Structures are given as C-alpha cells and as structure tokens.
Enquirer: 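To start, I am sharing the structure in question, which I have written as structure tokens.
This is a predicted model, so every value here is computed, not measured. All values below come from the heavy atoms of this structure, side chains included, with hydrogens, waters and symmetry mates left out. Sequence lines set the chain letters: A, B, ... in the order given, protein chains first and strands last, and positions in each chain run from 1.
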Amino acid sequence: MGRYILRRLLQMIPVLIGTTFLIYAMNFALPGDPVAALGGDRPLPQEVQDQIRERYNLDDPLLVQYAKYMGNVVQGDFGESLSVRRGQDVTEIVADTWPVTVRLALVAFVFEIVIGLAAGVVAALRRGSFVDNLVRGSTILLVSLPIFVTALVLQVAVGLRFDWIPVAGTQQGAVSYLLPGIALASVSLAYLARLTRNSLMENLRADYVRTATAKGLPRSRVVGRHALRNSMIPVVTFLAFDLGVLLSGTIVTEGIFNLNGIGGIVFDAIRQQDGTVVVGIVTMFVLVYLVANLIVDVLYAALDPRIRYE
Amino acid sequence: MRASLKSPWRWLVLLAALALVVAACAEDEVDEPDEDVDVEEPDEPDEEPDEEPDEDAAEPGNGEFAMYLCEPEQLLSQASNEVCGSQVLEELFTGLVAYDPETSEIVDGGMASSIETDDQLTWTITLEEGWLFHNGEEVTADNYVDAWNWMADPANEMDNAFFLSTAGVEGYDAVAEGEADELSGVSVVDDYTIEVTLDQPFGPFELLIGYTGFHPLPDEFFDMDPADFENAPIGNGPFQIDGEWERGQQIVLERFDDYGGPELARAERVELRIYDDVDTAYLDLEAGELDIHDNVSPPLRSQAFETFGDNAFDNEVSTFEYVGFPVFAEPYDDPDLRRAISMAIDRQSIIDVIFDGSRVPASSVIPPTLPAHRGDACEFCEYDPDAAAELYEQTAGVDEPLQLYFNSGAGHEEWMESISLQLEENLGISEVEFTSLEFAEYLPLLQEGQQEGPFRLGWVTVYPSPQYSMELYTSGSPSNYTQWDVPEFDELFAEANTLLPEDADPVYQEAEDVLLDDMPIAPLWYSVDTVAHSDRVDNVIANTRTFMEISKVEVVD
C-alpha cells in the first residue's frame with residue numbers, strides 16, 4: 001500500500017506539468033490584449049504598456065513564455081498578478097482567499113454529510129413511508145432550485161430576521177459561514193441523500209444481506225456492518241469529487257454572501273486574461289483533485305476488502 | 001477481516017493528517033480578521049456640551065460608521081485609475097487643490113495656498129506650511145516633485161503618468177523614453193514652492209493638479225517596496241489607515257488629528273466594507289450592518305427611496321456613455337446618417353424601462369457636473385423619429401445587417417438591444433448583428449479600427465475641466481476610436497486649452513458645438529449614483545467626481 005501511494009504521488013508530477021502547459025496554452029490562445037484593457041476607456045501610456053509586456057514576457061512566443069514561467073515556478077516564484085490584483089504575488093492571493101473558500105467548503109461538507117447521509121439512510125430503511133416521500137420530495141425541490149435562489153431566500157428569511165446571523169461578509173467570524181454553508185450544501189446534500197438511498201436500497205436486496213439476516217445477525221449489524229459499508233462506494237466517489245468542487249471556490253455563493261474566496265478571483269482572472277493567476281490557481285485545483293482521487297482509491301480498499309493495490 | 005482492513009485505514013489516516021498539516025500551514029499565513037470589532041461603541045461624553053452651538057458643525061465629533069466600498073485595484077495615487085481605490089485615496093491624501101462638491105469649482109481645502117501663472121506656461125505653486133503626513137513627516141515641495149518624477153518613470157508602471165503628458169510637463173517625453181531621470185520642467189524653488197514649466201500653455205493645469213494622480217508621497221515611500229506601501233498608505237489626508245488593507249474585506253480609517261486642512265474629519269473611525277455585489281451591500285444596509293451605501297443598483301433605486309426616505313438621494317456624476325461611429329468607413333462617413341441614428345434613439349424610454357430612471361439623457365459632451373455644461377448643446381440628441389426617418393431616407397443607409405459592438409459582461413446587452421429595436425422601428429433597419437467581447441479583446445479591436453458599425457464606450461471626467469471631457473475626440477488622441485478628424489474642432493480645442501478656465505469655457509463650448517453638429521458619436525446618457533444611508537449618520541455628501549465626502553459625515557447617535 002505504501003509503495004502504491006508513493007507511485008501515485010510520483011505520477012502527479014508529469015500530470016501537473018502537462019496541465020500547467022495546457023492551461024498556459026489555452027490562456028495564451030485567448031484573443032485580445034490584457035494590457036490594453038488595464039486602463040479602461042483610457043489606454044495606459046505606451047511606454048508603460050511596453051514595460052508591462054516586457055515584465056510579464058507577453059511578447060515572447062508561447063514556449064519561451066512557458067519555459068520562463070516554469071523556471072520561476074521551480075524556484076518557488078509563481079509570478080505576479082497582471083490585472084486582477086495588479087502586482088500582488090499569486091501565492092499571496094492564494095493565502096489571502098483560499099482559507100475563506102476552505103472554511104466555506106468544510107462547513108458545507110459537514111452539512112452535506114450529516115444531513116445528506118442521515119436522510120438517505122432513513123429513507124432507504126423506511127422505504128415508501130412518509131419520511132421516504134418527504135426526503136424524495138424535498139430533495140427534488142432542492143436540486144431544482146438554483147443556488148442563488150436558495151441563497152437569497154436564506155439571506156432575507158433568516159439573515160435579516162436574526163441579528164446574530166450576518167447577511168453577508170466574514171466580519172462576525174465563524175457564524176458568517178452558516179448561511180453560505182447551508183446554501184452551498186443544499187444541492188449536493190439533496191443529491192447525496194438520493195444517492196445514498198438508492199445505493200443502500202439496492203444492497204439491502206442483495207444475497208449477502210439475506211444470508212446475514214438468515215444467520216441471525218441483529219438488524220443493526222446487518223445494515224451498519226454489511227449493507228451500509230458496501231453502499232458507500234458510489235457515495236464516497238461522489239463526496240470526493242464534490243469536495244474538489246467545493247475547494248475550487250464557488251463564484252455564485254461567494255459573490256452573494258460577499259465572501260472573499262478564490263472562486264471570484266479565478267473568474268475575474270479568466271475574464272481579464274490574468275495568465276499568471278489563472279495558471280497558478282488552476283494548477284492548485286488540479287492538485288486538489290488528484291489528492292482527493294487518491295484518497296478515494298485508498299478508501300475503496302478500506303471499504304471493500306476485495307479491492308487491493310500493489 | 002480486521003487484519004486486512006488495518007493497512008488501508010492506516011494509510012488513510014496518514015494521508016488525512018498530511019492534508020491537515022498542509023491546510024494548517026496555508027491558514028497560518030493569513031491573519032484572522034478582527035472578530036471583536038465593536039461598531040456600537042458607546043459615545044464618549046462631549047467635553048464642552050453645546051456651549052457654542054454655532055461652531056458645533058465644524059468641531060470633530062465622535063463615533064464611527066460603516067460604508068460600502070468596491071474592491072480597489074490599487075491603493076497608490078499614482079497608479080489608481082478607478083473609483084474604488086480613488087475613493088479611499090481621496091480620504092488618505094489631500095492634493096494641491098480641492099473642488100466644490102456641487103459645482104466642481106476650486107475651493108479652499110487643498111494644500112496649495114496659491115497657484116500663479118502669467119502665461120499658462122510657467123506655473124508657481126506655493127504650499128501651505130505645517131501640513132504633516134500620517135507618519136509625522138512634514139509635507140514639502142520635494143514630496144510632490146519626487147512623486148511626480150517617480151510616476152513619470154515608465155519602469156514604475158504608473159497609469160497616471162498619462163496626465164503628465166496631458167499637461168505637457170516639460171521633459172516628460174525624455175523620461176518616458178528613458179533619456180532622463182527627472183522631469184526637467186518641474187523644480188523645487190524652496191521647501192514650499194514648486195515651479196512647473198509646460199511645453200505649451202495649458203490653462204486647465206490648476207484643475208488638473210487636484211486629481212488623485214498628483215498626490216504627494218512621503219520620503220518613507222521611496223525606501224520601501226511600493227506593494228508594501230499600498231497595504232497601508234501613508235498620506236496627508238483627514239483620515240489615516242488603521243491597520244492594513246484587508247483585501248476583499250475592509251479598510252479601516254481613523255481620524256488624523258494633526259491634519260493640516262481647514263477642518264478635521266467629523267467621525268473618529270470609518271469602516272469601509274468591501275463588497276463584490278452591490279445588492280448584498282444593500283441587504284446589509286437594511287439589516288443595519290452598513291450605514292452608507294453610495295452605489296444602490298438601479299432595480300433597487302425606487303425601493304431605496306421608499307425605505308430610506310430623506311436618507312436616500314441621487315447624485316449626478318460625470319460618467320458618460322456614448323455610441324461612437326466608425327467615421328473612417330462608409331457609410332458612417334456621412335454626418336446625416338450619424339445624425340439620423342442619434343435622433344432615432346429614444347433615450348428617456350430606455351432610461352425609464354431599463355435603468356429604472358438612474359440615468360440622465362445626454363444632450364452634450366461636457367457633463368452636467370461642470371460649470372461649462374449646457375443642457376441644450378446637442379440638436380440631434382432630441383428624440384425625433386419623423387425627422388430621423390426623413391434624414392435617413394436621404395442617405396445611402398447602413399449595409400444590413402447593422403453591426404453593433406459592445407463589451408460583454410457589463411450589463412450592456414439589454415439597452416443595446418433596445419437601441420436596435422428603436423432603429424428598426426424608426427429607420428427600418430431590420431437586420432442587426434451584435435458583437436460583444438471582453439474588454440481585453442474589445443479595446444484592441446477598436447484601436448485597430450476593425451469595427452464596422454456603432455460601438456459603445458464610456459468616459460469619466462476625472463478632473464473638472466471640459467478639456468478632459470473632450471480630449472478624446474481630438475485627432476490623434478489614443479482614446480479617439482472613431483478616428484474623427486476635424487481641424488476646426490482641433491483648433492478651437494487647442495485654443496481653449498491655452499486659456500484660464502474662466503476664459504476658456506466659451507471656446508470649449510464652441511468646440512463642443514462643432515462636435516455635436518458633426519456627431520462622430522451619439523451621446524446617450526450620464527449616470528446617477530443612488531446613495532442611501534441609515535439614521536445613524538448625517539451630512540452625507542456625494543461630490544461630482546463620484547466620491548463620498550467621508551470626512552464630512554457626522555455620526556448622530
């Protein structure tokens with residue numbers, strides 16, 4: 001297992017190099033000139049534009065630009081933002097905004113797991129009951145509501161009514177993440193509940209569950225130890241993917257709740273063709289996904305003894 | 001079974017621990033925002049309770065309030081070319097001249113005690129003595145001259161270097177091209193006197209040097225990394241920064257008690273809360289989290305007037321939007337076609353329907369915020385569908401489909417579409433194609449003259465002179481995307497530039513007449529900022545340059 005993980009970690013290096021190049025090339029291929037747009041309706045003085053193009057190597061061909069960029073990256077220099085936060089180091093931008101996104105993601109993730117899993121398990125065990133119908137109905141509703149609607153409803157119905165729950169911003173510390181966390185979790189939570197319900201119901205009908213019941217095991221053990229564990233494989237896959245999504249920031253939720261997270265920065269950087277910011281941050285996202293995937297693969301082995309890695 | 005489980009679980013725990021350590025390291029680098037910021041700090045009792053009620057207004061009060069702010073791009077006066085950063089810099093710094101918040105005319109309050117010239121070519125600026133930077137340094141002539149020299153150096157990539165070339169400061173070109181280190185036209189006569197020589201007479205100079213880009217810089221600036229300075233700028237204004245610029249979150253201002261200006265700030269402390277979304281800020285205003293919001297979005301404008309009553313008002317600003325014509329190409333080289341299109345646009349109905357009344361139809365290019373503005377300067381800006389159709393008949397007409405251009409993601413889709421519908425209804429132009437591009441692609445397209453039809457652009461008069469409102473229409477101006485080139489206009493404009501403001505205005509107006517008769521652009525509208533505030537604050541004033549006069553706001557509770 002140790003060797004397997006090491007091998008997977010080493011495999012990440014070529015993947016990362018490949019993705020940085022792809023992202024760099026795609027950003028390079030975008031039409032337009034980010035420097036021309038820096039001054040708004042009034043262009044910057046030509047000399048200033050020239051100086052900026054030179055410092056960001058914008059006049060070089062793609063491969064030269066990329067080589068210079070990677071040369072700096074190897075030395076730990078991820079470059080400076082060109083337009084989104086002009087002149088600020090990309091590492092500083094990440095250190096500034098990612099913690100907000102991470103906190104929001106964790107809060108949402110906790111809501112998602114606790115409520116989503118519980119609802120799914122209860123619904124599966126009481127198939128056809130009122131609870132089951134309630135879960136199925138409410139999850140359909142949640143999945144079909146766009147996040148910005150959920151967010152606005154929460155702001156107006158909860159935030160404006162209770163003084164201690166802020167409508168937006170992070171000024172009030174941990175409680176600030178409550179509403180955005182719920183809003184962000186709502187869709188995944190509903191999806192997770194349905195996934196858990198279906199997966200568990202299927203396993204409850206499986207032969208090995210009937211065998212376990214026939215052996216006289218108590219129901220709690222049959223469900224908890226046998227059925228539930230096997231039902232977790234698709235659930236874990238979804239959760240890992242979803243954590244990756246959450247950690248990459250969310251433009252809508254961050255925007256509506258005025259959280260200064262990484263989603264908004266990436267969105268602006270893409271619009272303004274801020275290459276160094278896009279490449280630096282998106283590469284980080286790729287890394288997050290790779291690690292999440294690795295964890296899922298290891299979890300598979302933990303959940304299902306038939307799966308082994310050498 | 002247990003043995004086979006053990007190994008993968010152990011590895012999982014290890015991986016999770018590793019991830020936690022990495023996450024913890026990342027978090028350590030960022031300071032948590034102050035969580036115990038107490039907005040409702042109890043007022044300290046006034047030392048002299050109401051003995052001289054007449055002087056009450058001028059006395060610094062107590063208390064603090066929170067105001068909306070959009071995220072600044074930069075917090076360096078020499079670089080800042082957008083409203084969010086400039087709003088903050090206007091409070092952290094005081095420039096050479098101050099403008100009246102309503103009329104834009106020069107009033108007391110700037111650092112210059114006199115600005116003199118005989119020929120508009122050589123200017124002598126005398127500074128008031130005794131002004132201090134927030135770090136205790138005295139502000140002298142060197143602080144201005146050093147700042148301007150530093151701004152002129154292209155290696156520093158300062159956006160506002162542009163204005164040194166606008167004014168034609170002698171020696172700017174040499175510095176820009178790297179042939180000189182300092183502006184030869186700027187010299188320090190003594191600690192409180194600056195002499196500036198220009199390449200040619202430039203009358204609006206005294207209006208120009210009140211602009212953000214001409215703020216002084218303390219000696220300390222030149223010893224530090226500009227990026228560090230931006231985190232906590234040291235200025236000479238009525239407020240100093242408390243702590244650092246918390247990007248995306250807030251900037252806290254604190255009254256500077258040694259301020260050299262005529263009046264100290266009236267509030268002790270101001271939290272400028274940074275919002276991504278103006279509507280979220282509005283919710284916070286309703287929730288009582290925010291005291292002033294100076295950018296209420298048009299859809300919420302009427303609601304704001306209902307909810308906040310007398311505490312809501314509109315502020316007319318110079319932000320101008322127009323549609324330019326590619327006059328260099330057929331059929332737009334025909335002035336009658338341009339006039340017909342302009343007359344076929346019903347500006348007021350678009351404003352009512354799409355902007356919820358938050359615009360003012362433009363019938364000039366000199367904005368209503370300037371003394372030289374005339375409300376009836378533009379004959380062909382009046383909506384007159386019959387005259388427009390008649391005139392259009394006499395022209396060759398546009399090649400259909402009509403091409404319309406605008407920058408995307410900035411809310412221009414709806415009204416551009418309305419314009420196309422009005423052109424269809426009034427001129428019979430039925431086929432229209434829209435090209436919307438991100439700014440980074442849009443501007444280069446216009447610069448290269450690839451536009452084949454009317455295009456949308458805007459302009460803000462950042463210092464109150466008609467010179468700046470009209471410079472973009474002169475031939476050779478980098479912002480003249482119509483490529484309009486009429487010598488009569490250029491000559492009148494150049495003549496007005498040599499005169500002092502009081503003599504220049506009629507000449508600028510003559511130039512404006514030439515422009516609005518030939519119509520290289522169709523003026524559309526000027527913006528209105530809707531401001532709303534809570535009962536906790538009073539004397540909330542917005543000025544013509546789109547900024548709130550934060551130092552004048554009083555906390556009443």
Enquirer: Would you mind checking which part of Leu44(A) comes under 4.5 Å of any heavy atom in chain B, side chain (CB onward), backbone (N, CA, C, O), both or neither?
Expert: side chain
Enquirer: Just give me the residue among Gly261(A), Gly159(A), Gly2(A), Ala36(A) that pairs up with chain B most often, heavy atom to heavy atom, under 4.5 Å.
Expert: Gly2(A)
Enquirer: Is chain B contacted by the side chain of Arg161(A), its backbone, both, or neither, given a heavy-atom distance below 4.5 Å?
Expert: neither
Enquirer: Need one label for Gln88(A): side chain, backbone, both or neither, based on atoms under 4.5 Å from any heavy atom in chain B.
Expert: side chain
Enquirer: Heavy-atom cut-off 4.5 Å, strictly under: side chain, backbone, both or neither for Tyr481(B) against chain A?
Expert: side chain
Enquirer: How long is the span from the CG atom in Leu283(B) to the CZ atom in Phe257(A), to the nearest 0.5 Å?
Expert: 9.5 Å
Enquirer: Among Asp276(B), Asp153(B), Asp159(B), which residue forms the greatest number of heavy-atom pairs with chain A at distances under 4.5 Å?
Expert: Asp159(B)
Enquirer: How many angstroms lie between CG in Asp33(A) and CG in Leu445(B), if you round to the nearest 0.5 Å?
Expert: 12.5 Å
Enquirer: Mind ranking Tyr275(B), Trp459(B), Tyr442(B) by heavy-atom pairs under 4.5 Å with chain A and telling me who comes out on top?
Expert: Tyr275(B)
Enquirer: So what's closer than 4.5 Å to chain A heavy atoms on Leu443(B): side chain, backbone, both or neither?
Expert: side chain
Enquirer: Looking at CD of Glu92(A) and CG of Asn231(B), how far apart are the two atoms once the value is rounded to the nearest 0.5 Å?
Expert: 7.0 Å
Enquirer: Top residue by heavy-atom pair count (under 4.5 Å) with chain B, among Ile265(A), Val48(A), Val35(A)?
Expert: Val48(A)
Enquirer: Does a side-chain heavy-atom distance below 4.5 Å link Glu73(B) with Arg85(A)?
Expert: no
Enquirer: Could you give the distance from CG (Asn258(A)) to CG (Asp284(B)), rounded to the nearest 0.5 Å?
Expert: 7.5 Å
Enquirer: Which atoms of Leu446(B) are under 4.5 Å from chain A, going by heavy atoms: the side chain, the backbone, both sets, or neither?
Expert: neither
Enquirer: Where does Gln447(B) contact chain A at under 4.5 Å (heavy atoms): side chain, backbone, both or neither?
Expert: side chain
Enquirer: Please identify, among Leu472(B), Asp277(B), Asn81(B), the residue contributing the most non-hydrogen atom pairs under 4.5 Å to chain A.
Expert: Asn81(B)
Enquirer: For chain A, which of Ser165(B), Ala176(B), Ala281(B) has the most heavy-atom pairs under 4.5 Å?
Expert: Ala176(B)
Enquirer: Measure Leu30(A) against the heavy atoms of chain B and call it side chain, backbone, both or neither at under 4.5 Å.
Expert: neither
Enquirer: Measuring heavy-atom distances to chain A, does Glu157(B) have an atom under 4.5 Å in its side chain, in its backbone, in both, or in neither?
Expert: both
Enquirer: Do Leu160(A) and Glu286(B) touch side chain to side chain, with heavy atoms closer than 4.5 Å?
Expert: yes
Enquirer: Considering only heavy atoms, which portion of Ser408(B) lies under 4.5 Å from any heavy atom of chain A: side chain, backbone, both, or neither?
Expert: backbone
Enquirer: Write down the atom of Tyr172(B), the atom of Pro45(A), and the distance for their closest heavy-atom approach.
Expert: OH-CB, 4.1 Å
Enquirer: Sort out for me which of Pro154(B), Ala161(B), Gly178(B) touches chain A most, counting heavy-atom pairs under 4.5 Å.
Expert: Pro154(B)
Enquirer: Measure the spacing between CD of Glu47(A) and CG of Asp173(B) and express it to the nearest 0.5 Å.
Expert: 7.5 Å
Enquirer: Rounded at 0.5 Å granularity, tell me how far OG1 in Thr280(B) sits from CD in Gln155(A).
Expert: 5.5 Å
Enquirer: Just so I understand: if I count every heavy-atom pair under 4.5 Å between each of Gln46(A), Arg55(A), Glu54(A), Gln49(A) and chain B, which residue has the most?
Expert: Arg55(A)
Enquirer: For a 4.5 angstrom cut-off between non-hydrogen side-chain atoms, does Gln273(A) reach Phe439(B)?
Expert: no
Enquirer: Return the option, out of Pro226(B), Pro478(B), Gly458(B), Pro444(B), with the maximum number of heavy-atom pairs under 4.5 Å with chain A.
Expert: Gly458(B)
